[in-house]
Amino acid sequence: GGPRPRPGQEVSVKALGALEDGGLVERDPRLTFVPGHGDVVQVCMRGDRPGPGSPRGPPRPNPHRPQALELGVPTMELGEVCLFLAAPPYGYGRPGRQRRCVRREPDVPPEAPLLFEVTLLEVRDDPDTQRLPPGARLRLGAQKRERGNFHFARGDFAAALRSYRLALRSLDGPGVAPPGPQEEEELREQRVKCLNNCAAAELRLQRPGAALASCEAALRLSPEN
């Protein structure tokens with residue numbers, strides 16, 4: 001077979017997911033993510049329990065998928081087809097999946113195990129976030145910060161902190177071109193939000209020193225924060 005994904009590499013898979021009765025609840029011809037970055041979780045972004053500093057607004061769907069894929073795909077070889085039986089904590093968990101979150105897909109009952117058929121289509125190096133243009137860095141940073149807010153709302157503060165730090169990594173650095181004045185201000189504002197989020201997660205993890213350092217870094221960027 002082909003090579004297995006290495007840490008930090010981006011993968012694309014074809015994924016089908018079904019309930020025990022055979023009802024198809026997942027169909028994605030090409031799902032792309034980076035294993036280990038917390039990408040593959042079901043997120044109803046801006047939902048009922050926003051993370052710290054999350055903007056208010058109506059729930060909107062997010063294309064992320066259950067964590068079983070993130071754990072299983074790194075064990076696969078390129079071109080391989082595997083079946084994964086996902087226990088509820090690695091699928092949609094205790095609440096299941098409701099149509100109000102994903103309107104175009106069937107509901108998943110609470111505590112439902114799922115069976116996935118996954119084909120590993122492609123493995124490639126993760127794009128260097130430091131070389132993205134400013135607009136792309138802002139979008140990537142916002143995506144990872146929202147993912148951190150989901151983990152925070154779920155009570156997984158270590159995963160939230162990891163996502164906030166990945167968001168900061170996306171926002172930092174010179175990129176392929178210098179940002180304009182408006183983009184520079186937006187990058188600064190997003191960094192401050194991420195640092196505040198880091199501090200909140202670090203406090204929940206009983207790391208007051210790290211939380212203080214995050215707050216001080218935010219104040220250096222925005223003294224009025």
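In this text, all values refer to a predicted model and were calculated from it rather than measured experimentally.
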**Request:** Take Leu115 and Glu20, measure what side chain to side chain contact (heavy atoms under 4.5 Å, CB included) needs, and give me the verdict at the end.
**Result:** CA-CA 7 Å; Leu115 179 65; Glu20 287 183 308; over 6 Å; no
**Request:** Check step by step if salt bridge (charged side-chain N to carboxylate O under 4.0 Å, His left out) holds for Glu146 and Arg139.
**Result:** CA-CA 11 Å; Glu146 288 282 4; Arg139 288 191 295 272; over 6 Å; no
**Item:** Derivation and outcome, side chain to side chain contact (heavy atoms under 4.5 Å, CB included), residues Gln9 and Val34
**Value:** CA-CA 6 Å; Gln9 286 190 309; Val34 180; over 6 Å; no
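Residues Leu71 and Val11 fall into different hydrophobic clusters, defined by Ile, Leu, Val, Met, Phe, Trp and Tyr side chains chained together at heavy-atom separations under 4.5 Å. Taken together through direct or relayed side-chain contacts under 4.5 Å among Ile, Leu, Val, Met, Phe, Trp and Tyr, Phe84 and Val108 form part of one hydrophobic cluster. Both Leu78 and Val13 are members of a single hydrophobic cluster when ILVMFWY side chains are connected at heavy-atom separations under 4.5 Å. Connection of Val192 to Leu203 is not established within any shared hydrophobic cluster, with ILVMFWY side chains joined at heavy-atom distances below 4.5 Å, either directly or through further cluster members. In the hydrophobic clustering of ILVMFWY residues, with side-chain heavy atoms under 4.5 Å counting as a link, Leu205 and Tyr164 come out together.
The CZ atom of Arg204 lies 12.5 Å from the CG atom of Asp156; values are rounded to the nearest 0.5 Å. Interatomic distance, CG of Asn197 versus NE2 of His151, reported as 13.0 Å (0.5 Å rounding). Put simply, CD on Glu117 and CG on Leu83 are 6.0 Å apart, with the number rounded to the nearest 0.5 Å. The CG atom of Leu19 sits 9.5 Å away from the CD atom of Glu26 when rounded to the nearest 0.5 Å. Rounding to the nearest 0.5 Å gives a distance of 8.5 Å between SG of Cys215 and CD of Glu202. Remark: Glu189 CD to Ser222 OG distance equals 8.0 Å, nearest 0.5 Å.
Closest non-hydrogen pair, Ala68 versus Ala86, comes out as CB-CB, 3.5 Å. Closest heavy-atom contact between Cys194 and Ala167: SG-CB, 3.7 Å. Across all their heavy atoms, Leu168 and Cys198 have their closest contact at CD1-SG, 4.0 Å. The shortest heavy-atom contact between Pro5 and Pro74 is CD-O, 3.9 Å. Taking every heavy atom of both residues into account, Arg191 and Leu221 meet most closely at CB-CD1, 3.7 Å. Closest approach of Leu121 and Pro29 over heavy atoms only: CD1-O, 3.6 Å.
A heavy-atom distance below 4.5 Å is not found between the side chains of Arg145 and Ser163. By the 4.5 Å heavy-atom criterion applied to side chains, Leu69 and Tyr90 are not counted as neighbours. Side-chain contact check for Asn196 versus Ser214: every heavy-atom pair is 4.5 Å or farther apart. Residues Leu187 and Pro179 form a side-chain contact, since some pair of their non-hydrogen atoms from C-beta on lies under 4.5 Å apart. With contacts defined as side-chain heavy-atom distances shorter than 4.5 Å, the pair Phe116/Leu16 does not qualify. Inter-residue side-chain proximity for Leu114 and Val25 is flagged as met; some heavy-atom pair is nearer than 4.5 Å. Looking at Leu120 and Glu77, their side chains never come closer than 4.5 Å, going by heavy atoms from C-beta outward. Side-chain contact check for Glu10 versus Asp125: every heavy-atom pair is 4.5 Å or farther apart.
Side-chain atoms of Ser12 and Arg124 include a donor-acceptor pair closer than 3.5 Å.
Comment: Glu80 does not engage Lys14 in a salt bridge, judged by the lack of any side-chain N to carboxylate O separation of less than 4.0 angstrom. For the pair Glu122 and Arg30, the salt-bridge criterion is met [side-chain N within less than 4.0 Å of a carboxylate O].
Put simply, the side chain of Glu185 never gets that close to the backbone of Gln182: no donor and acceptor are under 3.5 Å apart. Between the side chain of Glu183 and the main chain of Gly180, a donor-acceptor pair closer than 3.5 Å is present. Panel note: side chain Asp107, backbone Pro109; no donor-acceptor pair is recorded below 3.5 Å.
Within 6.0 Å of the CZ atom in Arg188, the count of heavy atoms belonging to other residues, nucleotides or ligands exceeds 12.
The aromatic rings of Phe157 and Phe152 stand perpendicular to each other, their planes meeting at an angle above 60°, with 30° marking the opposite boundary.
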